[in-house]
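See below for the structure under consideration.
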Amino acid sequence: MLDILVYEEQQQVAVGEAGPCLEYLLQHKILETLCTLGKAEYPPGMRQQVFQFFSKVLAQVQHPLLHYLSVHRPVQKLLRLGGTAPGSVTEKEEVQFTTVLCSKIQQDPELLAYILEGKKIVGRKKACREPTPLPKDTASHRDKDCSHDGAPARPQLDGEPCGAQALNSHMPAETEELDGGTAESNLITSLLGLCQSKKSRVALKAQENLLLLVSVASPAAATYLVQSSPCCPAIVQHLCQLYRSMPVFLDPADIAALEGISWRLPSAPSDEASFPGKEALAAFLGWFDYCDHLITEAHTVVADALAKAVAEKFFMETLQPQLLHVSEQSILTSTALLTAMLRQLRSPALLQEAVAFLLGTDRQPEAPRDNPHALSAHLIGHCDHLSDEISIATLRLFEELLQKPHEGIIRSLVLRNLEGRPYVAWGSPEPESYEDTLDLEEDPYFTDSFLDSGFQPRAKPRLAPATSYDGKTAVTEIVNSFLCLVPEEAKTSAFLEETGYDTYVHDAYGLFQECSSRVASWGWPLTPTPLDPHEPERPFFEGHFLRVLFDRMSRILDQPYSLNLQVTSVLSRLALFPHPHIHEYLLDPYISLAPGCRSLFSVLVRVIGDLMQRIQRVPQFPGKLLLVRKQLTGQAPGEQLDHQTLLQGVVVLEEFCKELAAIAFVKFPPHDPRQNLSPAPEGQV
């Protein structure tokens, strides 16, 4: 039959007309008969042959066939037939069949309505188009004739009373039936079933077909896909099922080890160590990556609907209860999983939903006793959790969040509290340059009076730092201020032939370039906002996020080494942002802070003051400190020492000050985030 149909079409003189053999195939419902034989598997193996025949006919016959009722109805039946047999022997033929259908829809998006409609919709539409019953032959001929005229009988997508609008007015009940799982299989459910195949090639091909389907160019077809099919709910439902299939507790280190999982390679790498739940975790991360890729590639209408479905059904209903759980294991696992998902996330629509879910939408300055977004408050509180593991996992989450290209993240966590520069003291006019105020030998930061004065950083208050600096002089003084913080008796890097802060400069330059390119389109100013003397002064609150980080930083000498590394890593990420207010507040030691305010530099100064007192109580401090540094770098055996936590904290403190000096060096003078930064010559910055 296939050879006859192809040969007839090749011999056809009039383009676009159906030959007698094709007319016979359509009028006598040959495809319906083949579907019946395939369903009955009579003779045995007939189902595979039917799938192959349908695929070849639709692919090789150039005449448009899916517009005919006697074609798209058996196509729907065949899809239902495949969908009822998951893991069947016909999976290969089924995925080939769906490939042909998706390619046809890609060529003509209006075909989507033909293939997706269910029995009830077909009946209602047919009744709408045919107010009076017709004999079967007449109906068949009329369907054929309409197709030849270019206006075939079909479920309309737009523009007609019986089209998408009429369909959508009846859709709630229909959609409910689809969501409830009682509706019969169609192309969407068939593809989703094949996506879950144990055969990796079949699953991958089905995912590619679904990706092709959601990227249809027609807005009407995309709207039909969202409103009249179970596409988005079914995709998200599978994501939730995969999440629930994982073990209740997973080690964060095991989750981080599967970082390379993608939807094209969803299986866990064989060279990685095995652990309980490894395959389930790989399947979940692979499907989440696929959802993110779908949202990236899909039509805007489909992408927005799918992103909202992920936010509502997965983020809100499935993940949030675990993040707010009282069980430490639930908090730890869900936080580590969320971090892994953020690392994979690329689509702007899903990132927008994730940011709203995690941080809320409020962008007004915070107050110490306000009632912030519930989940955001819990997550920030987890950064200072009694469990060090939870604190580290949550800090990693925020570090990952800060690397995402969304301005709302840094604005919600930091910038909204720095607007108007309320951290700057009001008072005497500011000097013309740093040289007028600097005397490092008598710097009040290092006097006892500073430590007892309640965060008054300078003897003579200033209105604000100068907005136009002498670049070379200023960067030298800022770098020296951080490098001189740690006293010589607490420094050990020189004894191991390690150079100074310049070891961090190369990495800081690359990270700053990356951050600058990420924020280039956000329109940030190049200089701090001038203080308005007519604006009423408001008390400064650094915000809940910076408050937790500063509190953690103030306890660096008493916290575990791994926790200190993570705290300083997050603060370094913040300091890299090229916003003048962030640069001024976190990296400028010479601003006059308003009464009661603290900055990163003032917190570090207080830590140094505490260290100077505690050094006196540790016998053989320099030798023990050097031994601890050697242990941390793997140059000495890891034996337990007295004051181990203190000594490790001192090492982290020295390295953090060098890192901040390097960041200040590569950021100053302030770069325009909108310009293209050329890479530094090798060996230079």
Check your understanding: Salt bridge between Arg614 and Asp558, side-chain N to carboxylate O under 4.0 Å?
Key -> yes
Review point. Considering only heavy atoms from C-beta outward, does the side chain of Cys515 approach that of Pro578 to under 4.5 Å?
Key: yes
Review point. Considering only heavy atoms from C-beta outward, does the side chain of His643 approach that of Arg617 to under 4.5 Å?
Key: no
Point to revise | Worked verdict on Leu574 versus Leu413 for side chain to side chain contact (heavy atoms under 4.5 Å, CB included) | key: CA-CA 10 Å; Leu574 286 174; Leu413 293 175; 5.8 Å; no
Exercise for review: For side chain to side chain contact (heavy atoms under 4.5 Å, CB included), just list the numbers for Thr568 and Leu653, CA-CA rounded to whole Å, side-chain angles, deciding distance to a tenth of an Å, and then say yes or no.
Suggested key: CA-CA 9 Å; Thr568 55; Leu653 183 62; over 6 Å; no
Study note, to complete from the structure: dist Asp588:CG -> His581:NE2 (nearest 0.5 Å) comes out at 12.5 Å
Check your understanding: Between the main-chain N or O of Thr529 and the side-chain N or O of Arg421, is there a donor-acceptor pair closer than 3.5 Å?
Key -> yes
**Study point:** Heavy-atom check, side chain of Leu571 versus side chain of Leu600, under 4.5 Å
**Key:** yes
Exercise for review: Scan for side-chain hydrogen bond (donor to acceptor under 3.5 Å, both in side chains) pairs involving residues 381-393, sequence neighbours excluded, and state none if there are none.
Suggested key: Asp384-Arg552, Asp384-Arg555, Ser391-Arg552
Check your understanding: Does the pair Gln329 and Ser327 meet the rule for a side-chain hydrogen bond (donor to acceptor under 3.5 Å, both in side chains), with working shown?
Key -> CA-CA 5 Å; Gln329 285 191 346; Ser327 166; 5.2 Å; no
Practice item. Please check if the side chain of Lys624 supplies one atom and the backbone of Val618 the other of a donor-acceptor pair under 3.5 Å. Key: no
Review point. What is the distance from atom OG of Ser481 to atom CG of Leu587, rounded to the nearest 0.5 Å?
Key: 11.0 Å
Practice item. Indicate yes or no: at least one non-hydrogen side-chain atom of Leu604 is less than 4.5 angstrom from one of Met553. Key: yes
Point to revise | For Phe577 against Leu402, the heavy-atom pair lying closest together | key: CZ-O, 3.4 Å
**Study point:** Leu379 side, atom CG; Ile331 side, atom CD1 - distance, nearest 0.5 Å
**Key:** 9.5 Å
Review point. Backbone N or O of Ala311 within a donor-acceptor pair of the Glu353 side chain at under 3.5 Å?
Key: no
Point to revise | Nearest atoms (heavy-atom pairs only) where Phe621 meets Glu489 | key: CE2-O, 3.7 Å
Review point. Are any side-chain N or O atoms of Ser602 and backbone N or O atoms of Arg598, one a donor and one an acceptor, separated by less than 3.5 Å?
Key: no
Point to revise | Trace of the salt bridge (charged side-chain N to carboxylate O under 4.0 Å, His left out) decision for Glu655 with Arg629 | key: CA-CA 11 Å; Glu655 296 304 307; Arg629 177 179 278 275; 2.7 Å; yes
Point to revise | Separation of Ile390 CD1 from Cys383 SG (nearest 0.5 Å) | key: 11.0 Å
Point to revise | Backbone N/O of Leu250 and side chain of Asp254: donor-acceptor pair under 3.5 Å | key: no
Exercise for review: Mind running side chain to side chain contact (heavy atoms under 4.5 Å, CB included) on Ser562 and Ile392 for me, showing each step along the way?
Suggested key: CA-CA 8 Å; Ser562 56; Ile392 292 172; 3.4 Å; yes
Review point. Just wondering, do Leu627 and Gln631 contact through their side chains at under 4.5 Å, heavy atoms?
Key: yes
Review point. Taking all atoms of both residues into account, what is the closest heavy-atom pair of Glu366 and Gly543, and its distance?
Key: OE2-CA, 3.4 Å
Check your understanding: Using the ring of each side chain (for Trp, its six-membered ring), is Phe398 parallel, tilted or perpendicular to Phe545, with breaks at 30° and 60°?
Key -> tilted
Practice item. Look at the side chain of Gln344 and the backbone N and O of Ile261, then say whether any donor-acceptor pair between them is shorter than 3.5 Å. Key: yes
**Study point:** Ala356 backbone acceptor or donor facing Thr361 side chain under 3.5 Å
**Key:** no
Study note, to complete from the structure: Rounded to the nearest 0.5 Å, the CG atom of Leu576 sits from the CD1 atom of Ile582 at a distance of 10.5 Å
Exercise for review: In sequence, state the C-alpha distance, the side-chain angles, and the governing distance for Glu542 and Tyr423, and then conclude on side-chain hydrogen bond (donor to acceptor under 3.5 Å, both in side chains).
Suggested key: CA-CA 8 Å; Glu542 64 261 36; Tyr423 49 86; over 6 Å; no
Review point. For Ser330, does its backbone N or O pair with a side-chain atom of Thr333 as donor and acceptor, under 3.5 Å?
Key: no
Review point. Taking it one step at a time, do Leu546 and Phe541 satisfy side chain to side chain contact (heavy atoms under 4.5 Å, CB included)?
Key: CA-CA 9 Å; Leu546 279 181; Phe541 174 55; over 6 Å; no
Review point. Do Glu419 and Arg411 pass the salt bridge (charged side-chain N to carboxylate O under 4.0 Å, His left out) test, and can you show the C-alpha distance, the side-chain angles, and the key distance before you say yes or no?
Key: CA-CA 10 Å; Glu419 291 180 356; Arg411 187 159 298 280; 2.8 Å; yes
Exercise for review: Would you please name every residue forming a salt bridge (Lys or Arg N to Asp or Glu O under 4.0 Å) with Arg573, sequence neighbours left out?
Suggested key: Glu399
Point to revise | Smallest separation among heavy atoms of Leu485 and Ile608, with atom names | key: O-CG2, 3.5 Å
Check your understanding: Is the number of heavy atoms from other residues, nucleotides or ligands within 6.0 Å of NZ (Lys404) greater than 12?
Key -> yes
Revision key, fill the gap. Closest heavy-atom pair, Ala661 versus Val479, reported as atoms and distance to 0.1 Å, is O-CG2, 3.5 Å
Point to revise | side-chain hydrogen bond (donor to acceptor under 3.5 Å, both in side chains) between Tyr561 and Thr645, intermediate numbers included | key: CA-CA 7 Å; Tyr561 176 71; Thr645 300; over 6 Å; no
Practice item. Give the ring-plane orientation class for Phe550 versus Tyr585, where under 30° counts as parallel, over 60° as perpendicular and anything between as tilted. Key: tilted
Review point. Please walk me through it: do Phe601 and Phe482 pass ring-ring contact (aromatic ring centres under 6.0 Å, His included)?
Key: CA-CA 8 Å; Phe601 192 80; Phe482 283 108; 5.4 Å; yes
Review point. Does Arg396 come within less than 4.0 Å of Glu400, counting only side-chain N to carboxylate O?
Key: no
Practice item. Output, in order, the C-alpha distance, side-chain angles, deciding distance and verdict of side-chain hydrogen bond (donor to acceptor under 3.5 Å, both in side chains) for Gln559 and Asn564. Key: CA-CA 6 Å; Gln559 294 174 155; Asn564 285 335; 2.8 Å; yes
**Study point:** Residue pair Gln320 / Phe315, side-chain heavy-atom distance below 4.5 Å
**Key:** no
Review point. Where do Ala393 and Thr339 come nearest, in terms of heavy atoms and distance?
Key: O-OG1, 4.1 Å
Practice item. Measure from the side-chain N and O atoms of Ser569 to the backbone N and O of Leu565, and report whether any donor-acceptor pair falls under 3.5 Å. Key: no
Review point. Under 4.5 Å between any side-chain heavy atoms of Leu549 and Leu395, yes or no?
Key: yes
Study note, to complete from the structure: Value for CG (Leu401) from CZ (Arg343), rounded to nearest 0.5 Å, stands at 12.0 Å
